[in-house]
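A short worksheet on the structure shown next.
What's counted below: heavy atoms across the whole structure, side chains too, no hydrogens, waters or symmetry copies.
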Number of protein chains: 2
Amino acid sequence: MTSTRTRRTAQGAAVRTALESMAGFISAQELHRRLSDDGSKIGIATVYRQLNALVENQEADAISTPEGQLYRACEDPQTHHHHMVCTSCGTTIEIEPPDEAWFTSVARTHGFDVHSHTLEVFGICSACRSASSAR
Amino acid sequence: MTSTRTRRTAQGAAVRTALESMAGFISAQELHRRLSDDGSKIGIATVYRQLNALVENQEADAISTPEGQLYRACEDPQTHHHHMVCTSCGTTIEIEPPDEAWFTSVARTHGFDVHSHTLEVFGICSACRSASSAR
DNA sequence: CTTTTTGCAAAACATTTGCATGTAA
DNA sequence: TTACATGCAAATGTTTTGCAAAAAG
């Protein structure tokens with residue numbers, strides 16, 4: 001092995017930049033769509049490869065949803081926030097966990113070095129609830 | 001509406017029974033495989049439909065993984081748990097939130113009717129941490 | 001009978017991979 | 001140069017759907 005880590009490519013930079021400019025999580029497909037719309041010339045396969053590389057390098061983390069994987073650039077542990085989303089209309093409300101410190105404490109207990117965490121609450125908002133009298 | 005809820009079918013019972021007899025989570029594909037091996041005559045599409053029906057009726061819940069959805073029969077609300085996963089080796093540890101009730105309380109505050117919630121902690125387990133002296 | 005469920009195969013998607021070609025280093 | 005990255009299309013794997021036939025009520 002003559003040592004060679006990662007090559008600097010336009011596509012790689014584009015993916016990283018785009019991901020970092022995102023507020024929350026985004027899918028590879030969606031990210032690719034945005035990059036393309038913005039004029040970037042990049043294939044979907046490359047988006048996946050870059051995204052997976054970022055995750056492996058711990059520069060991003062991913063969560064699984066019924067629609068597939070969602071990626072997010074890693075930020076300062078403080079900067080992040082959680083959401084509560086209405087599974088009916090999609091409304092999203094930002095919520096604040098009672099004890100953010102808990103995450104790191106459990107981790108320490110198990111010898112983990114916490115990198116990030118996700119918390120999502122799904123439900124039906126009052127508006128949708130009243131709307132759907134049927135069921 | 002002449003009122004008609006759900007029809008009782010052999011396949012439906014088979015799926016529910018099989019799911020309830022499972023220890024943990026299982027995928028639709030895997031469940032179908034087992035049912036078939038046990039002689040049940042049921043199509044994969046039906047397994048999916050039954051499973052999704054159970055989830056909608058809150059008789060089962062599902063989690064998303066990179067390999068797809070995993071289902072589990074619902075038990076006492078207390079029984080569900082969250083995970084902490086090592087982003088390096090994939091090891092998953094079950095963790096217990098300090099205050100499960102918090103989820104429903106925030107929801108109520110915002111007029112939400114909580115349906116489910118997710119909590120995931122990402123990090124590096126001790127084993128991987130020591131192992132990766134290189135980097 | 002009437003309406004829901006099933007099965008099957010096709011359709012939809014998300015994600016990965018093989019390979020020839022382009023391109024950092 | 002030369003090994004790694006990209007693009008494209010084909011391959012995978014999961015989940016959904018259309019539709020005619022079977023089953024429940």
Mind checking the [atom1]-[atom2] spacing from [X] to [Y]? Nearest 0.5 Å is all I need.
X: B/Leu51; Y: B/Leu19; atom1: CG; atom2: CG; answer: 6.0 Å
X: A/Asn52; Y: A/Asn57; atom1: CG; atom2: CG; answer: 11.0 Å
X: B/Arg49; Y: B/Leu54; atom1: CZ; atom2: CG; answer: 14.0 Å
X: A/Ile63; Y: A/Tyr71; atom1: CD1; atom2: OH; answer: 11.0 Å

Set of residues satisfying salt bridge (charged side-chain N to carboxylate O under 4.0 Å, His left out) with respect to B/Arg16, sequence neighbours excluded:
B/Glu59
Tell me, please, which residues at least two apart from A/Asp113 pass side-chain contact (heavy atoms from CB on, under 4.5 Å).
B/Ile124, B/Arg129
Could you give the [atom1]-to-[atom2] distance, from [X] to [N], as a whole number of Å?
X: A/Arg16; N: D/dA5; atom1: CZ; atom2: C1'; answer: 15 Å
X: B/Lys41; N: D/dA23; atom1: NZ; atom2: P; answer: 11 Å
X: B/Arg8; N: C/dT6; atom1: CZ; atom2: P; answer: 12 Å
X: B/Leu54; N: C/dT5; atom1: CG; atom2: P; answer: 12 Å
X: A/Ile26; N: C/dT15; atom1: CD1; atom2: P; answer: 12 Å
X: A/Leu31; N: C/dT15; atom1: CG; atom2: P; answer: 12 Å
X: A/Leu35; N: D/dG7; atom1: CG; atom2: C1'; answer: 15 Å

Would you tabulate the pairs of protein nitrogen or oxygen atoms and nucleotide nitrogen or oxygen atoms of nucleotides 12-15 of chain D closer than 3.5 angstrom?
residue: D/dT15; atom: OP1; partner: B/Gln69; partner atom: N; Å: 2.5
residue: D/dT15; atom: OP2; partner: B/Tyr48; partner atom: OH; Å: 2.4
residue: D/dT15; atom: O5'; partner: B/Tyr48; partner atom: OH; Å: 3.3

Show each protein N/O and nucleotides 18-23 of chain C N/O combination with a separation under 3.5 Å, one pair to a line.
none

Is the phosphate of D/dA23, meaning OP1 or OP2, less than 4.0 Å from a side-chain N or O of B/Gln11?
no
Looking only at side-chain N and O atoms, does B/Thr9 come under 4.0 Å of OP1 or OP2 in C/dT6?
yes
With no hydrogens and no angle check, do the side chains of B/Gln69 and B/Ser64 hold a donor and an acceptor under 3.5 Å apart?
yes
Taking only distance into account, with no hydrogens and no angle test, what donor-acceptor pairs under 3.5 Å do side-chain atoms of residues 21-36 of chain A form with protein atoms, sequence neighbours excluded?
residue: A/Ser21; atom: OG; partner: A/Ala18; partner atom: O; Å: 2.8
residue: A/Ser27; atom: OG; partner: A/Glu30; partner atom: N; Å: 3.0
residue: A/Gln29; atom: NE2; partner: A/Tyr48; partner atom: OH; Å: 3.1
residue: A/Glu30; atom: OE1; partner: A/Arg33; partner atom: NH1; Å: 2.6
residue: A/Glu30; atom: OE2; partner: A/Arg34; partner atom: NE; Å: 3.1
residue: A/Glu30; atom: OE2; partner: A/Arg34; partner atom: NH2; Å: 3.2
residue: A/His32; atom: NE2; partner: A/Ile42; partner atom: O; Å: 2.9
residue: A/Ser36; atom: OG; partner: A/His32; partner atom: O; Å: 2.9

Between the opening five pairs and the closing five pairs of the helix from C/dC1-D/dG25 to C/dA25-D/dT1, how far apart are the helix axes, to 10°?
30°
